[in-house]
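In what follows, a single structure is set out as structure tokens and then discussed.
Quantities reported herein were computed from a predicted structural model and do not represent experimental measurements. We're numbering straight along the sequence, starting at 1.
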Amino acid sequence: ARMKTDEGEVMGAEPGQPEPQTIPASQLREWILKGELVLPQRTGGYLITGDLDLASVAVRQRVVIQGAEFQGELDAADAHFEFGLDLRSCRFGSDLVLERARVAGPLWLDGAEFAPGAHLRADGLHTDGLCSADGLWLRGGDFCAANASIGGDLRLSSAELHGRLEMPYARIHGALFLQDSEKESEKTPVPARPFPLPTQAEQDERSKSNPGITSALKCRDIRHWSAR
């Protein structure tokens, strides 16, 4: 079974694959505010229905949500995560909003994928630890992190960014990793691909022919302090 959104058919399991565990965003929010939430990767993954509103909340326990598909927007603007935030291998059907959020620990976005036109909005984001987004895949949406402060390394190795990467006046207090990512002066077409997670063969192929960053790269006045 698959679900329809206004942007087309983007949700649900592939034929023959286990169905995801469906969790309403309102229920997920309740779990997060009650205490520690750990949703590790599982066969079939998780389907989060509706918009998840975490704006301005204080989260005092660990939050780990891996391999989930967010049908709507995840809004964590001005939120405070006291023990880090782990969203590895998640898929976003709409924007991920981390504007002015404070993450007292690491922020994990490795392998995160965004539907066409969905943005990663992180202006003013502050992390006390690293921000790891190796393998991040944006299909035409922008990654905006103006005035962000990253307390450790910023990792964007093997990222595919088919929109703008804008980080004016950002501060990175560790190392900046951009291995296997490259900037092209002119935008190239984004291949038409289904939104569900690629197979392992597709991931291997992508790692061999990663087109890297295929739109504007704006990092004016970015500040980088490396302990190395």
Side-chain angles (χ1 to χ4, degrees), residues 32 36-41 45-46 54 59 61-70 74 76-77 79-92 95-114 118-139 141-167 170-183 197-198 200 203-204 206-207 210 212-213 217 219 222-228:
I32 290 172
E36 180 175 280
L37 175 69
V38 178
L39 294 179
Q41 292 198 51
Y46 309 91
L54 296 175
V59 182
Q61 301 291 338
R62 187 167 59 132
V63 175
V64 177
I65 305 173
Q66 297 179 352
E69 185 154 16
F70 290 86
L74 195 171
H80 185 188
F81 296 91
E82 295 188 7
F83 291 89
L85 179 61
D86 187 341
L87 297 172
R88 278 178 276 198
S89 300
C90 284
R91 294 172 284 170
F92 297 92
D95 292 359
L96 170 59
V97 184
L98 296 171
E99 293 165 343
R100 301 172 305 281
R102 184 179 182 93
V103 182
L107 172 61
W108 301 98
L109 294 169
D110 300 270
E113 296 191 21
F114 288 73
H119 306 287
L120 175 49
R121 295 159 47 190
D123 291 341
L125 169 70
H126 180 101
T127 72
D128 291 342
L130 64 80
C131 176
S132 184
D134 289 339
L136 180 72
W137 194 8
L138 280 162
R139 299 182 178 91
D142 300 330
F143 182 177
C144 299
N147 297 301
S149 177
I150 308 301
D153 297 342
L154 174 60
R155 307 183 66 94
L156 286 167
S157 298
S158 301
E160 295 187 34
L161 308 180
H162 297 282
R164 294 191 302 272
L165 172 61
E166 297 188 356
M167 299 185 66
R171 302 175 184 87
I172 302 171
H173 294 270
L176 174 62
F177 292 88
L178 293 169
Q179 288 94 331
D180 300 320
S181 296
E182 60 185 40
K183 175 183 176 294
L197 281 174
Q200 185 60 51
Q203 295 184 52
D204 292 342
R206 281 170 51 194
S207 66
N210 173 30
I213 300 169
L217 175 65
C219 297
I222 190 170
R223 299 179 184 180
H224 171 223
W225 290 276
S226 176
R228 290 167 172 74

Would you check if the side chain of [X] reaches a backbone N or O of [Y] as a donor-acceptor pair within less than 3.5 Å?
| X | Y | answer |
| --- | --- | --- |
| Y46 | Q66 | no |
| H80 | R102 | no |
| R121 | C144 | no |
| D142 | H119 | no |

If you take all heavy atoms of [X] and [Y], which pair is closest and at what distance?
| X | Y | answer |
| --- | --- | --- |
| F177 | A175 | CE1-CB, 3.6 Å |
| A101 | A76 | CB-O, 3.5 Å |
| A112 | F114 | CB-CE1, 4.3 Å |
| D134 | L156 | OD1-N, 3.6 Å |
| A145 | A170 | O-CB, 3.8 Å |
| C90 | G67 | SG-N, 3.9 Å |

* Asked: Run the salt bridge (Lys or Arg N to Asp or Glu O under 4.0 Å) check on E113 and R91 step by step: do they pass?
  -> CA-CA 5 Å; E113 296 191 21; R91 294 172 284 170; over 6 Å; no

Mind checking the [atom1]-[atom2] spacing from [X] to [Y]? Nearest 0.5 Å is all I need.
| X | Y | atom1 | atom2 | answer |
| --- | --- | --- | --- | --- |
| H173 | D128 | NE2 | CG | 9.5 Å |
| L154 | I172 | CG | CD1 | 4.5 Å |
| T127 | I150 | OG1 | CD1 | 4.0 Å |
| R100 | H126 | CZ | NE2 | 15.0 Å |
| I32 | I65 | CD1 | CD1 | 4.5 Å |

Any [X] side-chain heavy atom under 4.5 Å of [Y] side chain:
| X | Y | result |
| --- | --- | --- |
| V103 | L98 | no |
| W108 | L130 | yes |
| L37 | V59 | no |
| R62 | V38 | yes |

L85: which of V64, L54, L107 passes side chain to side chain contact (heavy atoms under 4.5 Å, CB included):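 Exactly one candidate clears the test, L107.
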
- Query: Checking side chain to side chain contact (heavy atoms under 4.5 Å, CB included) against L120, which of D95, L125, L136, L161 comes through?
  - Reply: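 With L120 as partner, D95, L125, L136, L161 yield a single side chain to side chain contact (heavy atoms under 4.5 Å, CB included), made by L136.
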
Between S132 and D110, a side-chain donor and acceptor under 3.5 Å
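Checked: S132/D110 side chains pair up, N/O donor to acceptor below 3.5 Å.
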
